[in-house]
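Atoms within each ligand, like the ligands themselves, are counted from 1 in listed order.
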Amino acid sequence: MNPRTDARVTLDPEDWDEFRSLAHQMLDDALDYLQNVRSRPAWQPMPDSIRDSFAEPVPKVGIGAAAAYADFKERILPYPNGNIHSRFWGWVQGTGTPLGVMAEMLGVTMNPHMAGFNQAPALVEHQVIRWIAELMGYPVTSSGLLVTGGTMANILALNVARHAKCGFDVRQKGLQGTDAKLLVYGSSETHNWASKGIELLGLGREAFRVVPVTPEYTIDVASLRETLQRDREAGHLPICIIGTAGTVNTGAIDDLQSLAEIAREYNVWFRMDGAFGAWARISAKLKPLVAGMEKADSIGLDLHKWIYLPFDCACVLVRDGGLHGAAFASTASYLTQYERGVIAGGLPFANLGIDLTRNFKALKVWMSFKAHGLDHIAKVIDQNVDDIRYLAECIRQSDELELLAPVPLNIMCFRYVRPGLSDAALNRLNTEVLLRIQHRFS
Ligand SMILES: Cc1ncc(COP(=O)(O)O)c(C=O)c1O
């Protein structure tokens with residue numbers, strides 16, 4: 001007997017028929033779970049017994065797929081944070097779609113390596129990027145990459161901005177290449193990816209010039225200009241202005257036209273964070289709100305928010321595709337490219353970001369765009385904004401509720417008010433109301 005063949009082990013099912021029937025059960029359960037989402041609470045607290053049960057030891061001996069699935073159904077499935085539910089409010093988190101679930105399954109079935117390679121999945125990502133660029137008003141010479149989220153999209157773009165505007169070879173010399181202080185500008189309502197990114201790129205948090213906002217929570221353009229002027233006169237090196245279309249707190253949209261003009265005047269990069277708000281552009285009704293975003297040097301946008309795809313999926317676009325590549329491209333002997341064969345076409349996606357091994361995110365975008373069509377998706381976005389505007393109107397007419405900020409898009413901040421209570425007391429009361437709603441009525 002050949003000991004090598006005798007000892008062979010595998011992670012494939014021992015009995016494919018049995019596995020197929022379990023897999024069908026999983027799929028049926030998953031579809032029931034999605035179809036009946038409204039019949040469950042959005043969120044429920046976990047009993048201590050469930051919470052404590054996750055301290056179990058490393059499973060050295062397997063229990064089999066059926067038993068592992070039963071365990072998943074009992075201890076995990078009933079306890080999500082709730083974002084796929086129609087009564088989940090309070091955070092900017094997408095829901096996913098049933099088709100997105102299926103596309104994700106098909107994508108991981110193929111499980112292609114998405115650094116690039118000579119394969120149809122790579123063409124799908126190229127096509128999806130082209131579609132998104134076109135929708136955002138970007139030229140064909142722009143480039144883009146699907147990434148995990150808005151945070152990653154923004155940080156990659158900030159790296160391109162640093163490369164483009166620092167005036168020396170930052171890839172070679174790092175931040176030792178200059179004595180000048182490289183500075184980034186954004187409003188106090190900028191999402192905290194900016195602090196994380198600025199730290200990560202070695203600029204230090206002090207390099208983030210936090211510009212005050214107007215009563216509408218948009219960047220104060222005059223103040224931005226003054227800060228830039230002062231910094232330039234002090235010999236500093238401004239490299240990037242961050243504008244936001246749809247801030248995470250209130251949905252505010254910065255004056256993007258003015259930001260584009262100022263960026264040109266001061267020769268800095270204009271980075272547009274449109275994590276969800278950029279998609280207003282695909283709606284004829286909302287498009288004027290984000291006018292000017294197409295002038296940005298780079299746009300970031302999430303597909304796991306207003307395009308409703310399952311996590312994770314976002315996109316970074318860079319107007320000057322050459323610059324994007326120049327900021328990230330690198331080679332290695334084990335990645336040598338040939339003109340024929342599996343690696344023909346190279347590894348374009350690995351060369352536009354940090355990740356080498358990437359999953360097939362593009363399939364869920366491609367299938368969703370094709371199946372639903374962008375006109376339909378735009379209608380869903382319109383409907384979302386109409387609903388919020390209706391709700392805002394109800395709140396304006398209520399004596400007991402108060403709107404706390406303008407409602408330009410799909411985010412609304414409001415609270416319960418009771419005469420005679422201080423602001424701090426009202427905030428405490430509203431926090432309590434919020435938490436009780438989560439615990440009792442979700
Ligand atoms: C305006 C804005 N930028 C960036 C982000 C971060 O995106 P992600 O959570 O996908 O990393 C968010 C998330 O809500 C956001 O609203």
Close side-chain approach of L228 and D231, heavy atoms under 4.5 Å: no
Hey, is [X] close enough to [Y] for a salt bridge, meaning N to O under 4.0 Å?
X: R415; Y: D423; result: yes
X: E265; Y: R225; result: yes
X: K361; Y: E125; result: no

The one among G300, A275, A245 that brings a heavy atom closest to atom 2 (C) of ligand 1: A275
Option whose closest heavy atom lies nearest to atom 11 (O) of ligand 1, chosen from T151, I242, T247: T151
Polar atom proximity, W193 to ligand 1 (N or O, under 3.5 Å): no
Could you tell me which atoms of ligand 1, counted from 1 in the order shown, lie closer than 4.0 angstrom to a heavy atom of [X]?
X: G246; value: 1 (C)
X: V248; value: 14 (O), 16 (O)
X: H304; value: 10 (O)
X: G150; value: 7 (O), 8 (P), 10 (O), 11 (O)
X: K305; value: 7 (O), 8 (P), 9 (O), 10 (O), 12 (C), 13 (C), 14 (O)

M152, portion touching ligand 1 at heavy-atom distance under 4.0 Å: neither
Region of D302 that comes within reach of ligand 1 [heavy atoms, distance under 4.0 Å]: side chain
Minimum-distance protein heavy atom relative to atom 3 (N) of ligand 1: D273 OD2, 2.7 Å
Identity and separation of the nearest protein heavy atom to atom 15 (C) of ligand 1: H191 CD2, 3.5 Å
Would you mind writing out the side-chain donor-acceptor pairs for residues 114-124 within the sub-3.5 Å range, not counting sequence neighbours?
from : atom 1 : to   : atom 2 : distance (Å)
N118 : ND2    : G341 : O      : 3.1
Q119 : NE2    : H113 : O      : 2.9
Q119 : NE2    : G116 : O      : 2.8

Atom of Y79, atom of P45 and distance for their closest heavy-atom approach: CE2-O, 3.9 Å
Ligand 1 contact by A314, heavy-atom criterion under 4.0 angstrom: no
Side chain to side chain donor-acceptor pair (under 3.5 Å): pairs with one or both residues in residues 88-111, sequence neighbours excluded: N81-Q93, E104-K364
Validation row, ring centre W43 to ring centre H439 under 6.0 Å: yes
Six-ring centre of F270, R264 cation under 6.0 angstrom, axis tolerance 45°: no
